[in-house]
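A short worksheet on the structure shown next.
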Amino acid sequence: MSKENKVTDLQDIISHAKEYGFVFPSSEIYDGLGAVYDYGQYGVELKKNIQEYWWKSMVQLHENIVGLDAAIFMHPKTWKASGHVDAFNDPLIDNKDSKKRYRADVLIEEAMTKIEDKITKEVDKAEKKFGETFDKAMFLQTNPNVLRNKEKVATIEARFKKALEDSNMDELKQIIVDLEIVCPISGTRNWTEVRQFNLMFSTQVGAIADESETIYLRPETAQGIFVNFLNVLNTSRQRIPFGIAQVGKAFRNEVVARQFIFRTREFEQMEMQFFVRPGTEMEWFEKWKETRMAWHKSLGFAEADLKLHKHIKLAFYANAAVDIEYNFPFGFKEIEGIHSRTNHDLTQHQNMSGKKLQYFDHELNESYVPYVVETSIGLNRTILAVLSNSYKVEKLEDGTERTVLNFPPFLAPIKAAILPLVKKDGLPEKAREIMNELKFDHLCFYDEKDSIGKRYRRQDALGTPFCITVDHDTLTDNKVTIRDRDTMKQERVDISELRRIVGEKVDWRKAVK
RNA sequence: GCGGGAGUAGCUCAGUGGUAGAGCAUCAGUUUCCCAAACUGAAGGCCGCGGGUUCGAUACCCGUUUCCCGCUCCA
């Protein structure tokens with residue numbers, strides 16, 4: 001856990017993850033696909049274990065939280081209601097000198113405002129000049145400067161509207177050029193082309209490509225929960241406050257997908273939407289903030305590597321938001337967001353669908369649209385955090401080094417390696433016996449190749465918490481040694497006790513406490 | 001998308017205008033050992049891809065692609 005051993009280079013983690021079968025670049029034999037990754041034989045186990053731990057922590061341990069698995073495809077109206085169709089579509093332009101990016105539509109709107117300001121100034125000037133006798137309406141209709149500017153604005157507005165309607169990026173660029181808009185930072189007109197950024201992936205359902213059949217890959221899993229609110233409410237016998245949890249893939253066509261598996265266009269979210277009585281949302285927001293922070297600590301993250309980041313600028317639907325950030329090799333970055341989403345989503349869906357998404361509160365004797373507190377964690381980010389946190393290159397007393405992934409045992413892909421000290425004298429057979437028993441409880445790994453030391457180190461690099469070694473004495477006393485990954489200490493135990501001992505050591509219960 | 005850096009064996013990296021090397025890892029064997037032991041042998045590369053210069057390019061030039069870093073973006 002010491003900071004000295006903490007590797008700050010992401011590259012080391014990427015290499016290790018690839019070399020030991022955790023994460024591979026997607027379709028690598030074809031040169032890979034940008035920012036897409038596949039999980040290898042140990043990565044998939046780690047991922048599954050994290051996901052399962054989250055699920056148990058949220059669903060199994062909370063009587064008032066139930067699970068859900070909604071489809072990735074959803075009715076297109078879902079994304080109109082949620083605001084994604086409008087908010088996830090921006091025409092963007094870069095200034096090559098200042099390297100700043102702007103929304104093209106905002107730049108044009110600002111330029112139009114400037115021209116309108118000129119008109120206002122002209123009017124003010126005239127008003128001062130003529131005093132009481134000033135006829136504003138007449139002035140606006142006759143003053144040549146005003147008329148010229150008014151026409152200019154009208155022309156631009158017409159072009160601008162049409163360009164937006166036609167999604168004509170070239171025309172937007174041309175308007176920016178014609179208006180001689182300069183970058184506020186660099187002061188230059190050295191612009192790139194305007195590009196439309198569609199943050200949602202779309203595809204067609206049905207064999208005939210028709211506009212009405214364009215559907216989106218969900219950009220967040222939350223909406224699958226909101227549209228099922230009534231279904232769950234009617235069938236789960238839950239009463240407010242209660243939550244719906246879901247793990248699933250979401251897709252965002254990010255402008256920049258970077259930093260290994262931290263930001264990818266295809267990613268997996270673990271979300272829980274908690275429905276509460278209006279007015280109580282801040283209490284629940286605080287409660288979930290603490291609960292989720294404790295969960296992250298249970299993954300073995302040091303307190304110093306976790307941080308709460310409060311949003312100052314809130315999304316339009318939220319009335320409170322906080323991120324849980326982890327100290328990645330590239331700095332503190334968000335792993336999980338906790339948002340008080342008010343009744344925005346349900347209200348939007350209620351309006352769009354015409355279905356009443358309300359809850360009748362017997363205590364208050366009234367119906368209302370519940371408020372929502374959301375906890376939304378990125379599974380891939382959590383994997384990266386666990387990998388970063390676990391990856392250590394340790395200097396041993398004898399001067400050698402060892403690379404170890406000190407995962408919490410309940411997250412480790414392989415729980416135990418079964419190793420005969422030598423490959424003869426009946427030791428492999430005895431080890432196989434143990435393997436055949438333990439494999440029903442845990443993912444185990446049998447290895448008889450190379451020296452025992454090398455095999456220990458190999459398991460260290462995979463993060464296997466326990467190595468069970470069969471030696472010559474085992475044949476007579478029925479005892480084996482259990483070697484601890486972190487302390488490298490060995491303990492001699494009875495074979496009959498193995499199931500219990502290993503079972504206790506890798507029990508997730510210990511993490512929850 | 002802009003700028004910078006880098007792509008040579010599974011990993012870490014050498015290398016030279018004359019068609020490639022080390023260490024580790026992998027596989028087979030010998031050794032039978034409690035913390036990356038030794039030995040023998042094997043396999044593994046269109047030197048990221050395409051084009052240009054050249055008698056000849058892994059090397060020099062251009063383009064492209066992928067990754068990393070910074071900016072940007074981030075419901």
Side-chain angles (χ1 to χ4, degrees), chain A residues 9-21 24-37 79 82-84 87-88 90 92-103 185 190-195 197 199-200 219-223 250 252-260 262-263 269 271 311 313-318 321 323 329-331 333-334 337 339 341 344-345 374 376 378 396-398 400-404 419-425 427 448-461 467 469-473 481 483 485 488-490 492:
Chain A
D9 193 355
L10 181 62
Q11 197 61 53
D12 291 344
I13 293 164
I14 296 172
S15 297
H16 190 85
K18 186 184 171 193
E19 186 170 3
Y20 287 91
F24 305 128
S26 163
S27 9
E28 199 186 7
I29 60 167
Y30 293 108
D31 276 340
L33 182 62
V36 185
Y37 295 91
W79 309 112
S82 69
H84 285 84
F88 260 31
D90 294 327
L92 298 177
I93 189 166
D94 291 311
N95 183 273
K96 288 179 188 170
D97 298 311
S98 64
K99 319 269 182 247
K100 292 286 168 193
R101 167 167 295 161
Y102 301 93
R103 278 178 56 173
I185 308 282
N190 191 8
W191 298 107
T192 62
E193 295 307 304
V194 177
R195 293 170 312 266
F197 284 82
L199 255 29
M200 283 198 290
E220 64 174 24
T221 53
Q223 300 305 326
R252 282 182 207 168
N253 205 354
E254 299 283 356
V255 178
V256 176
R258 281 276 180 79
Q259 282 151 333
F260 196 37
F262 181 80
R263 175 171 293 121
Q269 293 183 306
E271 288 199 328
H311 287 211
K313 197 181 146 218
L314 294 169
F316 62 84
Y317 58 75
D323 291 340
F330 39 87
K333 297 277 183 182
E334 175 187 355
H339 306 115
R341 293 179 79 126
H344 170 78
D345 299 278
E374 162 191 87
S376 173
L396 300 178
E397 283 171 14
D398 62 4
T400 59
E401 280 190 345
R402 71 160 183 163
T403 304
V404 56
L419 316 168
L421 189 59
V422 295
K423 201 167 39 177
K424 62 173 195 182
D425 302 337
L427 267 49
E448 59 181 27
K449 203 178 145 32
D450 294 320
S451 75
I452 191 70
K454 195 176 256 184
R455 282 178 276 164
Y456 285 153
R457 297 301 173 84
R458 197 178 286 146
Q459 293 304 318
D460 287 342
C467 288
T469 306
V470 173
D471 56 30
H472 289 96
D473 295 338
T481 56
R483 179 245 192 203
R485 177 197 60 204
M488 295 169 76
K489 295 262 165 56
Q490 289 179 320
R492 199 161 178 84

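First the proteins, then the strands, lettered A, B, ... as listed; each starts at 1. Fair warning: this is a prediction, and the values are worked out from it, not measured in the lab.
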Donor-acceptor pair, [X] side chain versus [Y] backbone, under 3.5 Å?
{"X": "A:D471", "Y": "A:D473", "value": "yes"}
{"X": "A:E271", "Y": "A:A222", "value": "yes"}
{"X": "A:Q490", "Y": "A:T481", "value": "no"}
{"X": "A:H472", "Y": "A:V422", "value": "no"}

>> Which residues pass the side-chain contact (heavy atoms from CB on, under 4.5 Å) test with A:D460, not counting sequence neighbours?
In response: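 side-chain contact (heavy atoms from CB on, under 4.5 Å) list for A:D460, sorted by chain: A:R402, A:V404, A:R457, A:R483, A:R485.
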Restricting to nitrogen or oxygen on both sides, can you table the protein-nucleotides 42-44 of chain B pairs closer than 3.5 Å?
none

[atom1] of [X] versus [atom2] of [N]: gap in Å, rounded?
{"X": "A:E334", "N": "B:C74", "atom1": "CD", "atom2": "P", "answer": "13 Å"}
{"X": "A:I14", "N": "B:C68", "atom1": "CD1", "atom2": "C1'", "answer": "7 Å"}
{"X": "A:I13", "N": "B:C68", "atom1": "CD1", "atom2": "C1'", "answer": "13 Å"}
{"X": "A:D12", "N": "B:C11", "atom1": "CG", "atom2": "C1'", "answer": "11 Å"}
{"X": "A:K18", "N": "B:C11", "atom1": "NZ", "atom2": "C1'", "answer": "8 Å"}
{"X": "A:H16", "N": "B:A25", "atom1": "NE2", "atom2": "P", "answer": "14 Å"}
{"X": "A:D323", "N": "B:C74", "atom1": "CG", "atom2": "P", "answer": "14 Å"}

Taking all heavy atoms of [X] and all of [Y], pick out the closest pair and write down the distance.
{"X": "A:P420", "Y": "A:E448", "answer": "CG-CB, 3.8 Å"}
{"X": "A:P219", "Y": "A:H84", "answer": "CG-CD2, 3.5 Å"}
{"X": "A:Q269", "Y": "A:T221", "answer": "OE1-N, 2.9 Å"}
{"X": "A:A17", "Y": "A:F260", "answer": "CB-CZ, 4.2 Å"}
{"X": "A:Q259", "Y": "A:F330", "answer": "NE2-CD1, 3.4 Å"}

For the [atom1] atoms, the ones on [N] and on [M], what distance do you get once it is rounded to whole angstrom?
{"N": "B:U16", "M": "B:G3", "atom1": "P", "answer": "31 Å"}
{"N": "B:U53", "M": "B:A59", "atom1": "C1'", "answer": "13 Å"}
{"N": "B:C24", "M": "B:G70", "atom1": "C1'", "answer": "33 Å"}
{"N": "B:C11", "M": "B:C47", "atom1": "P", "answer": "16 Å"}
{"N": "B:G17", "M": "B:C55", "atom1": "C1'", "answer": "12 Å"}
{"N": "B:U26", "M": "B:U12", "atom1": "C1'", "answer": "16 Å"}
{"N": "B:U8", "M": "B:U32", "atom1": "P", "answer": "41 Å"}
{"N": "B:C69", "M": "B:C62", "atom1": "P", "answer": "26 Å"}

> Nearest of B:C27, B:C74, B:C68 to any side-chain atom of A:K449?
Replying inline: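 In terms of side-chain proximity for A:K449, the closest of B:C27, B:C74, B:C68 is B:C27.
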>> Can you identify which nucleotide, out of B:C69, B:A75, B:C27, has its nearest atom closest to the A:E220 side chain?
In response: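 Closest of the options to the side chain of A:E220: B:A75.
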Hey, could you give me the [atom1]/[atom2] distance between [X] and [Y], rounded to the nearest 0.5 Å?
{"X": "A:L427", "Y": "A:T469", "atom1": "CG", "atom2": "OG1", "result": "10.0 Å"}
{"X": "A:S376", "Y": "A:E334", "atom1": "OG", "atom2": "CD", "result": "7.5 Å"}
{"X": "A:E19", "Y": "A:D12", "atom1": "CD", "atom2": "CG", "result": "11.0 Å"}
{"X": "A:E220", "Y": "A:D345", "atom1": "CD", "atom2": "CG", "result": "7.0 Å"}

> Is a donor-acceptor contact shorter than 3.5 angstrom present between the side chain of A:H84 and the base of B:A75?
Replying inline: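 Such a pair exists between side chain and base.
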> Can you name the salt bridge (Lys or Arg N to Asp or Glu O under 4.0 Å) partners of A:R455, sequence neighbours left out?
Replying inline: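 Listed in chain order: nothing, the list is empty.
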> If you look at every strand shown and take non-hydrogen atoms under 4.0 Å, does A:K333 touch a base, only sugar-phosphate, or nothing?
Replying inline: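 No contact.
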> So what does A:F24 touch, heavy atoms closer than 4.0 Å: a base, only the sugar-phosphate, or nothing?
Replying inline: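 Counting heavy atoms under 4.0 Å across all strands, no contact is made by A:F24.
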>> As a check on the pairing definition, encode RNA chain B in dot-bracket form, counting Watson-Crick and G-U wobble pairs whose two distances are under 3.5 Å, and using | for partners outside this strand.
In response: (((((((..((((....[..)))).(((((.......))))).....(((((..]....))))))))))))....
Anything under 3.5 Å between a protein N or O and an N or O of nucleotides 12-14 of chain B, put it in a table, one pair a line.
| unit_1 | atom_1 | unit_2 | atom_2 | d |
| --- | --- | --- | --- | --- |
| B:U12 | OP1 | A:S15 | OG | 2.4 |

> RNA chain B: A:S82 or A:Y37, which has the more 5' nearest nucleotide?
Replying inline: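 Going by which nucleotide is closer to the 5' end, it is A:Y37.
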>> Each nucleotide in nucleotides 31-38 of chain B should get exactly one letter: B, S or -. Can you fill that in based on protein heavy atoms under 4.0 Å?
In response: -BBBBBB-
